[in-house]
There are 2 protein chains.
Amino acid sequence: MVTKPRQYQLIYESLKRQLVEGIYPKGSLLPSENELSVTFQTTRMTVRQALTELVREGFIERRHGKGSIVRSERQALGLLSFQGFSEVVGNNHVVRTEFLAPLTLMSWPTDFFYNLTDTERNLDCLFLHRLRYADNNPIMLEHTFVPDIGLDSLQADGLLDGSLFRTLSNRYQLDIRNMEQRLRAVKATIEQAHLFGCTKNTPLLYIERRYLTNRPNLNVYSRLFCFTDHYAISGGL
Amino acid sequence: MVTKPRQYQLIYESLKRQLVEGIYPKGSLLPSENELSVTFQTTRMTVRQALTELVREGFIERRHGKGSIVRSERQALGLLSFQGFSEVVGNNHVVRTEFLAPLTLMSWPTDFFYNLTDTERNLDCLFLHRLRYADNNPIMLEHTFVPDIGLDSLQADGLLDGSLFRTLSNRYQLDIRNMEQRLRAVKATIEQAHLFGCTKNTPLLYIERRYLTNRPNLNVYSRLFCFTDHYAISGGL
DNA sequence: CTCGCTAACTTGTCTATACAAGTATCACTT
DNA sequence: AAGTGATACTTGTATAGACAAGTTAGCGAG
C-alpha cells in the first residue's frame with residue numbers, strides 16, 4: 001500500500017524537480033503563489049505549504065512583497081537536513097556508496113550511543129557499514145542501526161539505489177519524521193585514517209544521529225565520521 | 001518603531017515561556033489545537049503556525065491523531081537552530097559570554113571566509129571576539145562580523161544581555177531570516193588550546209556561518225570553534 | 001476475559017476569502 | 001533631474017469552515 005501523495009507534495013516535487021534541473025536560473029523568481037495556485041488548480045495556502053518545504057531545504061528564499069527567489073547554491077555537501085546522503089548531495093557531486101561489510105543481523109551493541117526504547121531492545125538490529133564517496137573521494141564513514149521489523153529483502157530490492165530511507169518508506173512504510181543529532185570533533189583512528197587516506201589523529205567530524213519514525217519507539221540510529229579536509233559539511237536554516 | 005507583534009508570535013511566545021518554565025512535564029501533551037484556538041481567541045491555522053515554529057526549534061513534537069508532545073530534553077548544547085547561543089542553550093546550562101577583545105570597527109579581512117556582497121564591501125565591519133561558556137566551562141570561541149550600518153551604541157545598550165541578534169532586531173530592525181553554515185573538524189592552535197584548557201591539536205568543531213537578514217545583500221558572519229570533548233553540539237530536524 | 005468495533009478525540013490537509021504590508025514601476029510634479 | 005505618489009504587483013497573516021486520517025478508550029459480543 002503506497003500512501004497517496006498529497007497535493008502539496010506533488011507541487012513540492014514538481015517544483016523541486018524543476019529546480020534541480022536548473023530550469024530557473026539562480027537568483028530568478030519562481031512564479032508567484034497566485035500563478036502557481038492557478039496552474040496547480042489549488043489554493044494559495046496549499047502552494048505555500050509546498051514552498052515552505054523548499055525554503056526549509058534551502059532551494060528557495062522568500063521576500064515579502066518580492067517573490068520566491070531561487071538559491072540553489074549548495075556549494076558544499078549538505079547533510080544537516082535530514083534527507084540523507086544521496087538526496088541532498090546529488091546535485092553538484094557524483095555520489096557513490098560502498099558497503100564495507102555485508103548487511104548483518106545482530107543484537108544491539110551493549111554500549112550503544114543512544115538509550116534504546118524497550119520496543120527496540122526486544123528486537124534484533126540490522127547493521128549497515130558504509131563508506132560514502134563524493135566525486136570519488138571517501139568522505140563519510142557511516143554506521144547505521146535499524147531495528148529489525150522483518151526487513152528480510154532489504155539488500156536485495158531497494159538498497160542498490162543507495163537510498164535507505166526511500167526503501168524503508170516504500171517497502172516497509174517506515175517514514176522518517178524527525179532527526180536529532182549530536183556533533184563532536186574527534187581524532188581519526190588508524191583504521192579510519194586508512195579508509196580516508198589521511199594520517200592518524202586527523203580531526204574528523206563525528207555525528208550521532210537518531211531518526212524518529214512514524215512508529216512510536218522505533219528509531220533508526222546512525223554514527224557518522226566525516227573527513228572534512230577537502231569537503232565541508234553544509235547545513236542551514 | 002517597534003514592529004507590532006503578530007498573533008501567532010504571541011501564541012508562540014506564550015507557549016514557549018510555559019515550556020521553558022517547565023509547566024508541562026516532558027512527554028506530556030499540550031492543549032489540543034482546538035483548545036488553544038479557543039483560549040487565544042483565534043483559529044486553528046493560526047495556532048498551527050505557532051506550533052510549527054515550536055517544532056522547528058525542538059520544543060515539541062507532533063503526532064497525527066495524538067497531539068503535541070513536550071520534548072524539552074535538550075541534553076546537549078543546541079546551536080544548529082539559528083537563534084544563537086543564549087537563546088537555545090539557556091534552559092539546562094548556565095551560560096556566560098566573555099569578550100576577548102573590545103568591540104572594534106575595522107575594514108573587512110582580506111581573505112574572508114565568505115564572498116562578500118558589493119553592499120557589504122563598501123561598509124566597515126564590526127568585529128566581536130567572544131568566548132562562550134556553559135556551566136563555567138569554555139565551549140565556544142566565536143568571531144562575529146557585522147556590516148556597520150550605523151551601529152554606534154551597540155556595546156552600550158543591548159549587548160550586555162548577551163544576545164546580539166535580539167539587539168540588532170530591537171534597535172536596528174535587522175532581523176535574521178535564514179542561516180547557512182559549513183562544518184569542519186580542525187586542530188586547535190596553541191592559542192585556542194590555551195583558551196579551552198586543552199592540548200594543541202585537540203580536534204575542534206569549526207563552523208562558518210552566514211546569517212541572511214531582512215536587508216538584501218546584508219549578512220552577519222560568524223566563525224565558531226567548538227571544544228566538544230565535554231559537551232556535544234546538538235541540532236535537529 | 002479477549003477481541004473487535006465504534007465514538008470521540010487528535011492532527012493533517014485543503015478550500016475560499018480577506019486584508020496587511022513590502023516592493024517595483026511609472027507617470028507626474030517640482 | 002530628482003523626488004512624490006498612485007498603483008499593481010508580491011508575500012505575510014488571519015478567518016471560518018470542511019473532510020481525511022491516526023489514536024485511544026470503552027462498550028459489547030463472543
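By convention in this document, chain letters (A, B, ...) are assigned in the order of the sequence lines, proteins followed by strands, and residues within each chain are numbered from 1.
- Counted by atom type alone, B/Tyr8 and B/Glu53 present zero donor-acceptor pairs between their side chains at under 3.5 Å.
- Taking atom CD of B/Gln49 as the reference point, atom P of D/dT15 lies 11 Å away to the nearest angstrom.
- A donor-acceptor pair under 3.5 Å is formed between the side chain of A/Trp108 and the backbone N or O of A/Glu120.
- In this structure, the nucleotide among C/dC14, D/dG12, C/dG12 sitting nearest to the side chain of B/Glu33 is C/dG12.
- Side-chain N/O atoms of B/Arg6 include none lying less than 4.0 angstrom from OP1 or OP2 on D/dG12.
- Between B/Glu35 and A/Lys66, the residue anchored closer to the 5' end of DNA chain C is B/Glu35, taking for each the nucleotide with the nearest heavy atom.
- In this structure, A/Gln7 reaches the C/dT15 phosphate: one of its side-chain N or O atoms is under 4.0 Å from OP1 or OP2.
- Residue contacts shown for B/Glu61 are absent, as no nucleic acid heavy atom lies under 4.0 Å away.
- Protein atom CZ of B/Arg63 is 9 Å distant from nucleotide atom P of D/dT23, rounded to whole Å.
- Nearest nucleotide to the A/His64 side chain, out of C/dG22, C/dT11, C/dC14: C/dG22.
- Side-chain N/O atoms of A/Thr46 include one lying less than 4.0 angstrom from OP1 or OP2 on C/dT15.
- Going from atom CG of A/Leu51 over to atom C1' of C/dC14 covers 16 Å, rounded to whole Å.
- Heavy-atom contacts from other residues, nucleotides or ligands closer than 6.0 Å to CG of A/Asn115 number 12 or fewer.
- Closest to the side chain of B/Arg44, out of D/dA14, D/dT10, D/dA18, is D/dA18.
- If you check every strand for non-hydrogen atoms under 4.0 Å, B/Gln9 touches nothing.
- As a whole-Å value, the separation of B/Leu29 CG from D/dA25 P is 11 Å.
- Closest approach to the B/Asn34 side chain among C/dT10, C/dT13, D/dG12 is made by C/dT10 (side chain taken as heavy atoms from C-beta onward).
- Minimum interatomic distance between B/Pro31 and B/Leu36 (heavy atoms only, all atoms of both residues): O-CD1, 3.5 Å.
- For C/dG12, the OP1/OP2 oxygens have a side-chain nitrogen or oxygen of B/Arg48 closer than 4.0 Å.
- Between the OH atom of B/Tyr12 and the P atom of D/dA14 there is a distance of 15 Å, rounded to whole Å.
- Side-chain atoms of A/Ser14 do not come within 3.5 Å of backbone N or O of A/Leu10 as any donor-acceptor pair.
- With rounding to whole Å, A/Phe40 atom CZ is found 13 Å from C/dT15 atom P.
- Atom CD of B/Glu53 is separated from atom C1' of D/dG12 by 14 Å (rounded to the nearest Å).
- Per the geometry, CG belonging to B/Leu36 stands 14 Å off P belonging to D/dT15, to the nearest Å.
- A/Ser32 comes within contact range of the sugar-phosphate backbone alone, with a heavy-atom separation under 4.0 Å but no base atom that close.
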